[in-house]
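In what follows, a structure is listed as C-alpha cells, so that the remarks can point back to it.
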Amino acid sequence: MMRNLLFSFFALFLCVSDGSQMTISAQQPAEYQLVFSDEFNQPNGSRPDPAKWICHEREPYTWSRWISNSPKVAYIKNGSLVCRAIPNKSEPLDTARMLTGAVCTKGKFEFQYGKVEVRMKTNSKAGNFPAAWLIKPYEVGNQYGEIDIVEMFGKRGVASHAAHSKLTFNNPRHGQRNEFQEKTDVTKWHVYGIEWTPEYISWSIDGTIVAHFRKSSNADLLKRGQWSFDFPFYLILNQSVGNGEWGNYGNTRQTYETRFDWIRVWQRK
C-alpha cells in the first residue's frame with residue numbers, strides 16, 4: 001500500500017493507553033473546506049443532533065429490515081454515537097425480531113464529491129453488519145448509486161469497501177471490480193475515508209490508500225451505468241445484523257454495537 005500525498009491533511013493521532021480517547025490534529029489543505037462534521041459531543045443518552053440526523057426509514061432490505069427509532073438503539077455516550085442491534089423485548093406491537101439503529105442526513109445534508117472520514121469501531125460477533133456509507137436519493141437521476149465507506153461482516157476481520165453503480169447493481173456479472181477488502185482489526189478505533197471525484201473514488205484506512213474505483217472510458221459501459229456517482233448523496237451510519245448472505249448469520253438473541261467517534265466531510269472550495 002502507498003501513502004497518497006492527496007491525503008496529507010488526514011489527522012495525526014495521539015492515543016491514551018486504553019485507546020478509547022484520541023486527540024486529533026487535522027491539517028486541511030488550502031483547496032478544501034470543511035462542510036459538515038459531527039463530533040457527537042452531546043449529553044450522554046441524548047439522540048444525535050436533530051439538525052443533522054434523522055432515523056432512517058425501515059425498508060425490506062437486510063440492513064434496514066429492523067430499523068427502529070427507539071432511543072435504545074441510537075444515542076450519544078461519552079462523545080460517540082452508539083448504534084446497536086438488540087433483541088426486541090420492548091416493542092410488543094412491532095413484529096421485528098430485533099431493533100436496530102440507523103441515522104442519516106437525508107433532507108438535512110447532501111453533497112456531491114469531496115472527502116469523508118469517519119472514526120469508528122465495532123465488535124466481531126458472528127452476524128455483525130454495521131456500515132458507514134453514502135447513497136443517492138432514489139428519486140434523483142433514476143440511477144442507483146451507493147458508496148460504502150466501510151462495512152463489516154461478522155468475524156471476518158476485514159474492512160469492506162464498495163462502489164455500487166447502476167451497472168453493478170443491476171448486473172452482477174458486470175466484469176468491473178467494485179468491491180474491496182482489507183484485513184483490519186475492526187474492534188479497534190480506525191479512521192475510514194473516501195475521496196470522491198468526478199473521475200474516481202478512493203478508500204483509505206488511517207490515511208493509507210487501500211482501493212480505487214475509476215470511471216470507465218468505455219462508452220458502452222458508461223451507457224449501461226458503470227458510473228452513476230455524479231449526483232448529491234447523503235450519509236448513513238448504521239448497525240444491522242446479517243441474514244445469512246455471505247455466510248454472515250445473525251443471532252437475534254445477542255446485542256451488537258458499533259461506535260462512531262466523529263464524521264467529517266470536506267469539499268473543494
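Residue numbers start at 1 and run along the sequence shown. As a basis for the values below, the full set of heavy atoms in this structure was taken, side chains included, without hydrogen atoms, waters or symmetry mates.
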Checklist entry - From W262 CH2 over to F260 CZ, what is the distance, rounded to the nearest 0.5 angstrom? => result 13.0 Å
Next on the checklist: Centre-to-centre under 6.0 Å for W133 and W63, is that the case here?
Outcome noted: yes
Checklist outcome for this item: From the list N123, N128, N238, T122, side-chain hydrogen bond (donor to acceptor under 3.5 Å, both in side chains) with T258 holds only for T122
Item to check | Stepwise side-chain hydrogen bond (donor to acceptor under 3.5 Å, both in side chains) check, Y113 with D230 | outcome: CA-CA 8 Å; Y113 314 134; D230 297 327; 2.7 Å; yes
Checklist entry - Between K72 and L99, is any pair of side-chain heavy atoms under 4.5 Å apart? => result no
Checklist outcome for this item: dist H161:NE2 -> E179:CD (nearest 0.5 Å) comes out at 11.5 Å
Checklist entry - Using a distance-only test with no angle check, is there a side-chain donor-acceptor pair under 3.5 angstrom linking N88 and D94? => result no
Item to check | Reference residue D261; test salt bridge (charged side-chain N to carboxylate O under 4.0 Å, His left out); the match among K121, R119, K188 | outcome: R119
Next on the checklist: For R47, is there any backbone N or O sitting under 3.5 Å from a side-chain donor or acceptor partner on W53?
Outcome noted: no
Item to check | Ring-ring centroid check F233 F231, cutoff 6.0 Å | outcome: no
Checklist entry - Quick one: are the ring centres of F213 and Y200 less than 6.0 Å apart? => result no
Item to check | Rounded distance [0.5 Å steps], OG in S228 versus NZ in K136 | outcome: 7.0 Å
Checklist entry - In terms of hydrophobic clustering (I, L, V, M, F, W, Y; side-chain heavy atoms under 4.5 Å; direct or indirect links), are F180 and F229 co-clustered? => result yes
Next on the checklist: I want to check something: taking the side chain as every heavy atom from C-beta on, are P137 and E110 in contact at a cut-off of under 4.5 Å?
Outcome noted: yes
